[in-house]
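Below is one structure, written out as structure tokens, with a few remarks after it.
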Amino acid sequence: MGTVVDVYFLPKPIEAEFCVIIDVLRATTSITTALHNGAQCVFPVDNIEAAFKMKENHPDYILAGEEDGLRIPGFDMGNSPYEFLEEMVKDKNVILKTSNGTVAAKMVKCSEVVAASFLNLSAVVSYIKKKGTSKIVCSGTLGKVSLEDCLLAGFIAKNFEPGNDQARIVSGYAKSVKDIYEELLKSSHAKKLLRLGFERDIKFASQIDFTDVVPLMKNRSCFSKGIVGV
Ligand code: MLT
């Protein structure tokens, strides 16, 4: 039998050896970008208090993230991938708090967690092949299923055997899509980002295989450039 993947439309406290999380707009796209640009480690946190606490203990860490799409007062940076530039993040540790993506990263109980985006699609697919199975967890938006995460889940899942109905649904969906950017624009979150002036973030997030960096978090610590060019 080939590699089997299960897809979950929304985050769950999944217990597994390995899982993949997705938040195309924009957390996992930003995590991938930060590591591609030389960040050492990205620590996901699921609330503002925890983010400030970590910053207090590590004043040299960069405090990044968003609430309602916008940079949080007192934070160094927001959650636009354009903020995770080499000159900002190279050799630095980043604390990242976002509304859904980092919440999903903290919620899953997997020993290894990979952050997937269109930017590292092929590298993530190769890594799943190596692992032999995977749970793929979409972050959604505040408890609602989101189109953009299901789309990427489908682009990953269509390379494997579907282990559950959600994997079948998203694989079929991905096979029907010709233009990722145009498809992303249909999502509610893209519409919100457009209203906030982040159109270029959506365009950026729609690029396939911009990098071969696979952000890997072991034992629920932080995402680092665990794997390159798998
Ligand atoms: C999230 O975690 O919900 C997002 O990454 C929100 C965003 O920054 O657009």
Side-chain angles (χ1 to χ4, degrees), residues 8-13 19-37 39 42-52 54 62-85 88-89 94-108 113-121 124 136-153 180-181 183-207 210 215 217 220 222-223:
Y8 301 91
F9 290 164
L10 288 170
K12 286 160 73 98
C19 60
V20 171
I21 58 149
I22 296 177
D23 184 14
V24 173
L25 298 174
R26 298 166 288 178
T28 53
T29 297
S30 292
I31 292 168
T32 307
T33 307
L35 294 177
H36 174 80
N37 285 334
V42 179
F43 291 84
V45 293
D46 55 10
N47 65 78
I48 295 177
E49 294 68 36
F52 278 123
M54 193 180 278
I62 295 172
L63 187 50
E66 56 72 42
E67 185 150 73
D68 223 9
L70 297 172
R71 182 167 66 86
I72 296 159
F75 274 38
D76 305 311
M77 287 169 29
N79 186 35
S80 165
Y82 281 97
E83 293 178 88
F84 295 85
L85 301 172
M88 289 301 295
V89 300
V94 178
I95 305 159
L96 184 64
K97 183 267 159 204
T98 73
S99 304
N100 302 282
T102 60
V103 174
K106 295 295 283 184
M107 193 186 291
V108 293
V113 181
V114 152
S117 61
F118 283 104
L119 303 184
N120 61 3
L121 174 61
V124 168
I136 300 172
V137 182
C138 299
S139 298
T141 305
L142 303 177
K144 292 194 175 141
V145 174
S146 61
L147 178 144
E148 67 278 13
D149 295 343
C150 289
L151 182 63
L152 176 60
I180 291 166
Y181 176 61
E183 192 64 17
L184 288 184
L185 286 178
K186 295 176 189 165
S187 69
S188 318
H189 196 63
K191 288 185 178 124
K192 177 177 173 171
L193 290 174
L194 285 176
R195 281 198 301 276
L196 294 174
F198 291 119
E199 181 176 0
R200 67 180 187 156
D201 290 11
I202 306 165
K203 189 99 201 163
F204 185 80
S206 69
Q207 301 172 94
F210 169 85
M217 177 167 71
R220 317 193 64 218
C222 64
F223 289 101

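Both ligands and their constituent atoms are indexed starting at 1 by order of listing.
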Should you measure from each heavy atom of [X], which atoms of ligand 1 turn up under 4.0 Å away?
X	answer
R26	4 (C), 5 (O), 7 (C), 8 (O), 9 (O)
A27	5 (O)
L193	9 (O)
N79	4 (C), 5 (O), 7 (C), 8 (O)
N100	1 (C), 2 (O), 3 (O)

Who's the nearest protein heavy-atom neighbour of [atom], and how far?
atom	answer
atom 2 (O) of ligand 1	T98 OG1, 2.6 Å
atom 9 (O) of ligand 1	H189 NE2, 2.7 Å
atom 1 (C) of ligand 1	D23 OD2, 3.0 Å

Would you confirm whether the ring centroid of F204 sits within less than 6.0 angstrom of the ring centroid of F210? yes
Is there any N or O on G101 that sits under 3.5 Å from an N or O of ligand 1? yes
I'd like to check [X] versus [Y] (side-chain heavy atoms, cut-off strictly below 4.5 Å). Are they in contact?
X	Y	result
F84	N79	yes
N100	L142	yes
N120	H36	no
L25	K192	no
T29	F118	no

Please identify which of these residues, H189, E67, E66, meets the side chain to side chain donor-acceptor pair (under 3.5 Å) condition with S99. E66
